[in-house]
Structure formats: C-alpha cells, structure tokens
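Reviewing the structure listed below.
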Amino acid sequence: MRIAIVGAGMAGITCARALADAGLAPFIFEKSRGLGGRLATRRVDALRFDHGAQFVTARGETFSTYLDAHAAQWIPGPESGAWYVGTPTMNALVKPMAEGLDIRLGQHVAPDREGGGWRIGDARFDRVISTAPVVQARTMFPEMIDLLAPVDVAPCWTLMVAFDAATDWPEMWRSREADLSWIARNSAKPAREASPECWVVHASPTWSKTHLEIDRDV
C-alpha cells in the first residue's frame, strides 16, 4: 500500500514513523524548506527565534521517554512544569523520528481523486493522510469543505525582537486575560546563544483575530 502524508510537523512525522515501523513506506510532502511545522525557528542573520510552539510537554510514557532522550528541559520560572525544547532549535525534536523516512520538502501538493485512490503529481497513492492546517486542507480537499467548515483556527501575531544589551527581566511571562499572552527570552532556552538577547512575544488569540489584517511592518 502506498501512503502519502501531507505535512512534516510533529503529527506528520509521528504518523510516518509509526507506519514505517509497521513495515510500510510512507511518502511525506512538506511545503516548507524544513521539518517541524509549528516547531519552528526563524533565522535572521545571526539571530534565532522560536516563533512557533515555545515548548512541549508529555503525558504518555512513550513520549516522555522520547523527550528524555532527544530534548532538553527548560524551567524558566516557578509556574513552569516539565517543559521540553529542541536543541539548538525547536524542530530538532522531530529530526530523530524523521531519520530514514522519504520526505519531499518544498512541495505544494494538490491531491486528486483517481479511481479508488489518489494522485499527487505523477505518483499514485492508495491513501492520503493530511496533517495540514484546516485552512490549507479546505483548499486541498474541496469535497470535504462542509465537513471542515465548523473547524476554527486561533491566529497568533508574533513579535520577534533582539537587544544588544542584557536585560534583567524574567525569562518568561504569560497571561490568559491580557492582549499579550506570552513573552519569553528565547536566548534563555538550553543550547541557545545568550547574546544578543532574542525575545518572542505572542499576542492573545482574541487580539490576533481582531487585528488579523494589519500591516505586519507597522
């Protein structure tokens, strides 16, 4: 059976790893230039910002064991629990699972129904598994538009800023009520460069949705 997976984030890579371990050979298509999905790091010259997911946690024993082996614990304050980050960037969390998998990066795909299967470009597949965000999934699978219509996505405006001089601010601050929901010193995470100080600020979902169309360069 030929199986295509759309998306090389944590969900897509985990799915592909499970299929490969079961004896199948999935093909992964990813539109970005790298792995990780929301486990993303923005590079601006010598600066590095984890502008997507800030950390991960584990509830199950299997994932806990994986994180102990392939991630570093980050404890920015007394309210943080067992938080883990990839090193030196967040997408390092998925790279061990991705070893040996067939991953096609920089691929914008449009799966088409063909008989009892699917066609992506010149290749035919028996099954297609999509881990893409719902906005993209609606475009790729128009026949599922009614099924996907009720699914909503919370946007998140992100500010990335660097300081030449060190600050004495707390490593992390977050709120469920304010317009800003998260502020963190990215440079304080394990295996990051301490200077210049890189900070990541996330706006709340409500503020982000209200201001979704503002010019990001303002």
Side chain Arg138, main chain Gln136, donor-acceptor under 3.5 Å:
no

With the 4.5 Å side-chain cut-off for hydrophobic clustering, are Ile5 and Met97 part of the same group?
yes

Hydrophobic cluster identity match, Val200 and Val44, side-chain contacts under 4.5 Å:
yes

Atom NE2 in His108, atom CD in Glu30: separation rounded to 0.5 Å?
9.0 Å

Donor-acceptor pair, side chain of Ser208 and main chain of Trp157, under 3.5 angstrom:
yes

Taking atom CD of Glu61 as the centre, report whether more than 12 heavy atoms of other residues, nucleotides or ligands fall under 6.0 Å from it.
no

Between Leu105 and Met90, is there shared hydrophobic-cluster membership here, with clusters defined by ILVMFWY side-chain heavy atoms closer than 4.5 Å?
yes

Please verify the inter-ring angle class for His70 with Tyr66; under 30° counts as parallel, over 60° as perpendicular, anything in between as tilted.
tilted

Backbone of Gly34 reached by a side-chain donor or acceptor of Ser32 within 3.5 Å:
no

Determine, stepwise, if the pair Val85 / Arg192 fulfils side chain to side chain contact (heavy atoms under 4.5 Å, CB included).
CA-CA 11 Å; Val85 298; Arg192 269 68 170 178; 3.9 Å; yes

Give a yes or no on this: more than 12 heavy atoms of other residues, nucleotides or ligands lie within 6.0 Å of atom CG of Asp164.
no

Between Pro76 and Glu171, what is the shortest heavy-atom contact and its length?
CA-OE1, 3.4 Å

Nearest non-hydrogen partners of Ile28 and Ala8, listed with the distance
CG2-CB, 3.9 Å

Phe55 and Trp182 aromatic ring geometry - parallel, tilted or perpendicular at 30°/60° bounds:
tilted

Would Val56 and Leu39 satisfy side chain to side chain contact (heavy atoms under 4.5 Å, CB included), going step by step from the backbone distance to the final call?
CA-CA 9 Å; Val56 299; Leu39 298 171; 4.0 Å; yes

Might you work through the side chain to side chain contact (heavy atoms under 4.5 Å, CB included) test for Thr131 and Cys15, ending with a clear yes or no?
CA-CA 9 Å; Thr131 65; Cys15 178; 5.5 Å; no

Main-chain N/O of Gly52 paired to Gln54 side chain as donor or acceptor, under 3.5 Å
yes

For residues Leu47 and Ala162, report the shortest heavy-atom separation together with the two atoms involved.
CD1-CB, 3.8 Å

Enclosure of Arg2 CZ (heavy-atom neighbours >12, cutoff 6.0 Å):
yes

Nearest 0.5 Å, please: how far is CG in Asp68 from OH in Tyr84?
4.5 Å

Name the orientation class of the two ring planes belonging to Trp74 and Trp83 (parallel below 30°, tilted from 30 to 60°, perpendicular beyond 60°).
tilted

With a 3.5 Å distance limit and no angle check, can you tell me whether Ser204 reaches the backbone of Ser181 through a side-chain donor-acceptor pair?
no

Return yes if some donor-acceptor pair links the side-chain N/O of Asn91 with the main-chain N/O of Leu35 below 3.5 Å, else return no.
yes

Check: Arg119 main-chain N/O paired with Glu114 side-chain donor or acceptor under 3.5 Å
no

Is there a path of hydrophobic side-chain contacts, each under 4.5 Å between heavy atoms, that joins Met10 and Leu101?
yes

In Å and rounded to the nearest 0.5 Å, what is the CD to CG distance from Glu193 to Asn186?
11.5 Å

Interatomic distance, Leu93 atom CG to Leu67 atom CG [nearest 0.5 angstrom]
6.5 Å

Spacing of Arg174 atom CZ and Ile183 atom CD1 [to the nearest 0.5 Å]:
13.0 Å

Does one hydrophobic cluster hold both Trp207 and Trp173, with members joined at side-chain heavy-atom distances below 4.5 Å?
no

Within the side chain of His51, is there an N or O that forms a donor-acceptor pair under 3.5 Å with the backbone of His202?
no

Taking the side chain as everything from C-beta on, heavy atoms only, tell me whether Arg185 gets closer than 4.5 Å to Thr167.
yes

Determine whether more than 12 heavy atoms belonging to other residues, nucleotides or ligands lie under 6.0 Å from atom CZ of Arg42.
no

Heavy atoms from other residues, nucleotides or ligands near CZ of Arg127 exceed 12 (cutoff 6.0 Å):
no

